[in-house]
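Read through the structure below, which is laid out as structure tokens, and then see the notes.
What you are looking at is a predicted structure, and each value in this text was computed from that prediction instead of being measured.
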Amino acid sequence: MKHCSIEVQSLKKKLGSNQAIDGISAVFAPGVLHGLIGPEGAGKTTLLRLLLGLLRPDEGSVQFISGGQVVDFGTVRPTIAYMPQQQSLYPDLSVSEHLDFFAALYEIPADLYREKRTELLHLTRLQPFQDRPAGQLSGGMYKKLGLMCSLLRSPEILLLDEPTNGVDPISRRELWTLLYRMREQGLLILVATAYMDEAERCGEVYLLNAGRILAQGEPKQLLEAEKVARFDELFLRKESDLGL
């Protein structure tokens, strides 16, 4: 299957009394690192779960497009990797044991697994820590292990919910370097983050709050168009304009 894009049209989702997603439309293209930028409660996680099919929209649609044609979600599902905000790794299993476990879970052929394992351990610089239990890893190493487990089956679409939350600055930089390498392989990458400074690391950004997109576009162009230096300034201005 060719690289997929995701097209979201007039998407709405209510969770209890909260309008979590309020009329979002967007196109997420492959080969681009997309950033969902917004504070806690902005709707980032809900949007990711709608894209994954974990939630059903109240209104609107989510479509996967490949070669100009709409593709059934059942066909796309095996090509999607999701890294949730709260990783569900096993604290007593080592880095190596996690990789073995997920390789068996995904039924990855042994020769392909050996190749992917070597590649991912090199990219994440976790080779020296293969025998360390997940519960004894630093925050950054723990996130990289979660990312490795997500990448084992060579996904086409990578959805990451707050991958750098609670991670030290050096590990944050290393995680972004990993994402850039994945993007170069043509993946569609969608990163949700509350860190405004990470907006400039993305190819396309979507400022999100109260379930709405406040602004979207290429980071540098957005800042220049609004005549602001930073995304926190842009965010506050757009909130004020919409009365949020």
Calculate, to the nearest 0.5 Å, the distance between atoms [atom1] and [atom2] belonging to [X] and [Y] respectively.
| X | Y | atom1 | atom2 | answer |
| --- | --- | --- | --- | --- |
| L99 | L152 | CG | CG | 5.5 Å |
| L158 | Y82 | CG | OH | 11.5 Å |
| L33 | M182 | CG | CE | 11.0 Å |
| M83 | L48 | CE | CG | 12.0 Å |
| Y206 | I213 | OH | CD1 | 7.0 Å |
| I6 | F28 | CD1 | CZ | 7.0 Å |

*Heavy-atom pair of closest approach, residues C149 and F102*: SG-CD1, 3.4 Å
*Nearest heavy-atom pair of A81 and S150: which atoms, and what distance?*
CB-O, 3.2 Å
I'd like to know if the side chain of [X] and the backbone of [Y] have a donor-acceptor N/O pair within less than 3.5 Å.
| X | Y | value |
| --- | --- | --- |
| Y180 | R201 | yes |
| E239 | L236 | no |
| S25 | S10 | yes |
| H98 | S94 | yes |
| T75 | V71 | no |
| Q130 | Q127 | yes |
| R237 | V228 | no |
| K44 | A194 | no |
| S171 | V167 | no |
| K13 | E59 | no |

Using a strict cut-off of less than 4.0 Å between a Lys/Arg side-chain nitrogen and an Asp/Glu carboxylate oxygen, indicate whether [X] and [Y] qualify as a salt bridge.
| X | Y | result |
| --- | --- | --- |
| D58 | K12 | no |
| D100 | R117 | yes |
| K238 | E226 | yes |

*Hey, mind stepping through F231 and Y195 against side-chain contact (heavy atoms from CB on, under 4.5 Å) and telling me if it holds?*
CA-CA 10 Å; F231 271 91; Y195 295 122; over 6 Å; no
*Decide salt bridge (charged side-chain N to carboxylate O under 4.0 Å, His left out) for R181 and E184; before the verdict, give the C-alpha distance in whole Å, the side-chain angles of both, and the deciding distance to 0.1 Å.*
CA-CA 5 Å; R181 292 178 179 174; E184 289 168 3; over 6 Å; no
_Pair F101 and Y90, ring centroids less than 6.0 Å apart_ = yes
Within the 3.5 Å criterion, strictly below it, is a donor on [X] or [Y] matched to an acceptor on the partner's side chain?
| X | Y | result |
| --- | --- | --- |
| E204 | H34 | no |
| T164 | E198 | yes |
| D161 | T45 | yes |

*Could you check R153 against E107 for salt bridge (charged side-chain N to carboxylate O under 4.0 Å, His left out), going step by step and ending with a plain yes or no?*
CA-CA 9 Å; R153 57 178 175 174; E107 299 181 336; over 6 Å; no
Would you check if [X] and [Y] make a side-chain contact, meaning some heavy-atom pair closer than 4.5 Å?
| X | Y | result |
| --- | --- | --- |
| P163 | V191 | yes |
| V205 | P219 | yes |
| L126 | M148 | yes |

*Any idea how F73 and F64 line up, ring-wise: parallel (<30°), tilted (30 to 60°), or perpendicular (>60°)?*
tilted
*Can K143 and D168 be said to form a salt bridge (charged side-chain N to carboxylate O under 4.0 Å, His left out), step by step?*
CA-CA 11 Å; K143 294 276 188 175; D168 66 87; over 6 Å; no
